Every structure is written in C-alpha cells, then in structure tokens.
Protein chains: 2
Amino acid sequence: MKSEQKPQDIEQTLISRLRDKGYKLTPQRREIIRILARDESHPGAMDILREVRKILPRISMSTVYYTLDMLKKEGFIKELEFYDTENRYDINVSDHINLVCTTCGKITDFMSDVHSFSESVEKETGFRPARMRFEYYGICRNCAGRNGR
Amino acid sequence: MKSEQKPQDIEQTLISRLRDKGYKLTPQRREIIRILARDESHPGAMDILREVRKILPRISMSTVYYTLDMLKKEGFIKELEFYDTENRYDINVSDHINLVCTTCGKITDFMSDVHSFSESVEKETGFRPARMRFEYYGICRNCAGRNGR
DNA sequence: TTCATAATCGGAATGATTCCTACTTATAGG
DNA sequence: CCTATAAGTAGGAATCATTCCGATTATGAA
Ligand SMILES: [Mn+2]
Ligand SMILES: [Mn+2]
Ligand SMILES: [Zn+2]
Ligand SMILES: [Zn+2]
C-alpha cells in the first residue's frame with residue numbers, strides 16, 4: 001500500500017533529475033524535496049513551510065509555492081485540490097486512490113488496478129481520459145479505533 | 001449514462017421534499033432548483049446566478065450560495081471542489097464518475113458500478129469509506145472531434 | 001390580516017494562491 | 001578562484017471564490 005521506493009531513493013532520483021534538466025539546486029529546493037519524499041501524509045503548502053523553516057527559518061511561502069509549481073509542471077508531484085482547505089501534495093504520481101480521513105485530515109494511498117475503468121469510459125462515451133482523481137472520504141483505522149467501534 | 005429521472009420530476013421531488021422539511025419556497029429557490037434539475041453540465045455558482053437572473057434580475061450571489069449550501073446539507077446536490085476554478089454542483093447524488101473536459105470545461109456523468117472498490121478498501125486497510133469522488137480529466141468527444149484526430 | 005422568523009440582499013471580510021519587483025545566489029566559463 | 005548572469009528567493013500586494021454580517025423583506029402558520 002506504500003510507494004515502492006524508499007524516501008531517500010525518491011529524494012536522490014528527484015534531485016538528479018532536476019540537475020539533468022538544468023535546475024539550480026538550492027538549499028530551499030533540497031529541503032522541500034526531502035520533506036515531500038518522507039512525508040506520507042500528503043502535506044499542504046503550509047505544512048511544508050513549517051517543516052522547512054526548522055532548517056531554513058527565513059524561507060518564504062512564495063518559494064514554497066514556486067517550487068511546488070515547478071515540481072508539478074515537471075510531473076514529479078501531484079496536486080490534490082480542495083476548496084475548503086489548502087491543497088495537498090502527493091509524491092506518488094502513479095494512478096491510485098487517495099483515502100482522505102475526514103477526522104484527522106490524513107491522506108493515505110491505496111494502490112489498486114484502477115485502469116479497467118478508463119478503457120470502458122473511452123469505449124462507451126468517446127471521452128478520452130488523460131489523468132484521474134479517485135478519492136474516498138471516510139474514517140481511517142486510527143480514528144475509528146480511538147472512539148466508537 | 002444519464003440520470004434516470006426527468007428534469008421536471010427531479011424538480012418536483014426536490015420541491016416537495018423541501019416543503020416537507022419546512023423550508024420556505026421562495027421564487028429564488030424554485031428557480032435555482034429548476035436550473036439544477038435541467039442543467040446537465042454541472043454548473044458553477046456564477047453560471048447559476050447568470051441563469052437565474054434571466055428570470056429574477058435582482059437575485060444576489062449570497063442567495064445562490066445560501067441555497068446551494070442548504071441543498072448540499074440536505075443531501076440533494078453534491079459539490080465538486082476545484083481550486084483553480086469555481087466549484088460545480090451536481091444534481092446526481094448517486095455514486096458515479098464525473099468526466100471533466102479540460103478543453104471546454106463541461107462535466108458529464110459516467111454511471112458505473114464503482115462499489116467493488118470500497119469493499120476491498122475497507123477490508124485491506126481498515127479505512128471506512130463514507131463518500132467518494134471519482135473523476136477523469138481529459139478531452140470530451142465533442143472537443144476531440146473539433147480538431148486533432 | 002398579522003406576526004415571527006426564515007430568507008434575501010449588498011457589501012465587507014477571509015484566506016489560499018498568484019503576481020510583482022527588487023534583491024540574492026548557484027553555477028558555468030575563463 | 002573570480003565573475004557574469006540567469007535563475008531563484010523574499011516580502012508584500014493583488015486576486016477571487018467563498019463566507020460572513022447586519023439590515024431589510026416576505027413566506028407561511030395562526
Ligand atoms: Mn496519494
Ligand atoms: Mn455528475
Ligand atoms: Zn484519521
Ligand atoms: Zn469538451
């Protein structure tokens with residue numbers, strides 16, 4: 001149910017891919033990437049800002065957004081959009097289902113073969129799917145255990 | 001691939017259900033409901049405002065949001081949230097996949113048995129799904145036909 | 001018809017994200 | 001090592017859909 005690679009591998013892969021593409025490797029970028037690779041909870045921009053500031057206290061929110069935008073454009077992360085709370089960022093760019101806990105806010109991955117759908121969608125409707133967003137909202141095991149059944 | 005009921009039936013059902021619950025049936029509400037029941041494109045709040053104003057020129061955006069919020073709370077519509085564009089409203093409250101065209105912005109329904117997932121999610125992870133959001137982003141038949149292939 | 005109060009209206013406030021500008025820095029080539 | 005400069009960063013203003021607020025209006029029960 002987890003991403004296949006280790007955080008450190010993801011981190012190193014990302015860094016060398018950015019270097020190859022000619023991006024400058026600033027401490028800000030390295031730190032943001034490090035957090036994204038390790039944080040399984042699909043953090044938001046503010047979460048990332050808070051974390052990075054433990055190491056780089058003067059980093060600005062602008063830089064966080066600028067970097068996330070760049071990683072997004074390069075296809076290294078996915079942005080999960082919510083209107084009633086800040087967007088969340090997902091280092092797992094493969095197609096999968098995100099399980100959003102409405103109690104604690106944590107988001108976890110559910111890897112599953114989800115592709116059967118996209119074929120029948122195109123066959124039956126003519127709509128050509130490019131990317132998907134599958135989410136379940138509910139109560140995570142942790143929160144269910146705490147109180148009530 | 002369409003909703004089973006006719007727009008007029010949906011409209012009447014909604015109105016009597018609101019009456020039963022003690023809501024006041026104002027012209028504003030009737031008109032908003034009429035539009036939601038007929039508009040297959042999953043309109044946004046501004047779309048709805050524009051449409052309603054053809055009949056009720058003085059209706060305010062506040063009222064549109066207030067009414068949508070009420071219908072949402074009562075479970076009569078679903079809100080689809082996007083961060084980079086206004087939210088869209090779906091009269092189809094059953095579980096289904098929404099196909100979002102990234103070219104023209106239209107959203108269409110794809111009814112499909114989607115329930116197989118939720119069982120395995122709970123069995124394998126302990127996460128208890130309450131509601132779902134499944135979307136494909138891509139090019140609709142109409143837009144694909146226009147140019148390219 | 002009267003009345004209580006739910007609904008409406010217009011506008012201000014909110015807050016995440018984007019935009020703008022000036023300053024700083026990482027890297028490549030000499 | 002030094003320097004030039006394109007790229008990146010910081011800080012703050014602007015944006016814009018949505019929410020909130022106080023004053024006014026109108027629905028529906030009595
Ligand atoms: Mn994920
Ligand atoms: Mn729909
Ligand atoms: Zn939880
Ligand atoms: Zn289209």
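Naming: A, B, ... by sequence-line order, numbering from 1 per chain. Every value quoted in this text rests on a predicted model; they were computed, and no experiment measured them.
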Trainee: Using a 4.0 Å heavy-atom cut-off to protein, can you give one letter per nucleotide of nucleotides 12-18 of chain C, 5' to 3': B if the base is in contact, S if only the sugar-phosphate is, - if neither?
Mentor: ----SSB
Trainee: Please state whether the rings of B:His96 and B:His42 are parallel, tilted or perpendicular, taking 30° and 60° as the class boundaries.
Mentor: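 It falls in the tilted class, 30° to 60°.
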Trainee: Expressed in angstrom and rounded to an integer, what is the separation of B:Arg58 atom CZ from C:dG11 atom P?
Mentor: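 So the two atoms are 10 Å apart, to the nearest Å.
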Trainee: Within this structure, what is the CZ-to-P distance between B:Arg53 and C:dT8, rounded to whole angstrom?
Mentor: 14 Å
Trainee: For C:dC9 and B:Gln28 - does any side-chain N or O of the residue sit under 4.0 Å from the phosphate oxygens OP1/OP2?
Mentor: yes
Trainee: Below 4.0 angstrom from OP1 or OP2 of D:dA10, is there any side-chain N or O of A:Ser60?
Mentor: yes
Trainee: Please report, rounded to the nearest Å, how far the P atom of C:dA7 is from the NZ atom of B:Lys21.
Mentor: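 Whole-Å distance recorded here is 13 Å.
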Trainee: Using whole Å, report how far CD1 of B:Ile15 lies from P of D:dG28.
Mentor: 11 Å
Trainee: Could you see if B:Tyr23 belongs to whatever hydrophobic cluster contains B:Ile32? Use Ile, Leu, Val, Met, Phe, Trp, Tyr and a side-chain cutoff under 4.5 Å.
Mentor: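 Yes, B:Tyr23 connects to B:Ile32 through the hydrophobic network.
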Trainee: Has B:Arg133 got a side-chain atom pairing as donor or acceptor with B:Asn98's backbone, closer than 3.5 angstrom?
Mentor: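 Between the backbone of B:Asn98 and the side chain of B:Arg133 there is no qualifying donor-acceptor contact (under 3.5 Å).
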Trainee: From CD1 of B:Ile48 over to C1' of D:dA17, roughly how many Å is that when rounded to an integer?
Mentor: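 The distance from CD1 of B:Ile48 to C1' of D:dA17 comes to 14 Å, rounded to the nearest Å.
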Trainee: In whole angstroms, how far is the C1' atom of D:dC16 from the CG atom of B:Leu49?
Mentor: 15 Å
Trainee: Under 4.0 Å, heavy atom to any atom of DNA chain D: which of residues 29-39 of chain B qualify?
Mentor: none
Trainee: Angle class for the A:Phe117/B:Phe117 ring planes (parallel below 30°, perpendicular above 60°, tilted otherwise)?
Mentor: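 Tilted, since the angle between the ring planes falls between 30° and 60°.
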Trainee: Please check this pair: side chain of B:Arg53 against backbone of B:Ile59, looking for a donor-acceptor N/O pair closer than 3.5 Å.
Mentor: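 Checking the backbone N and O of B:Ile59 against the side chain of B:Arg53, a donor-acceptor pair under 3.5 Å is found.
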Trainee: Write down the distance between CG (A:Asp20) and P (C:dT27), rounded to a whole number of angstrom.
Mentor: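 Atom-to-atom, A:Asp20 to C:dT27, this comes out as 13 Å.
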Trainee: What's the closest nucleotide to the A:Thr67 side chain, out of D:dG11, C:dG10, D:dT9?
Mentor: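 The answer is D:dT9.
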Trainee: Got a list of protein N/O to nucleotides 22-27 of chain D N/O distances below 3.5 Å?
Mentor:
| from | atom 1 | to | atom 2 | distance (Å) |
| --- | --- | --- | --- | --- |
| D:dT27 | O2 | B:Lys24 | NZ | 2.8 |

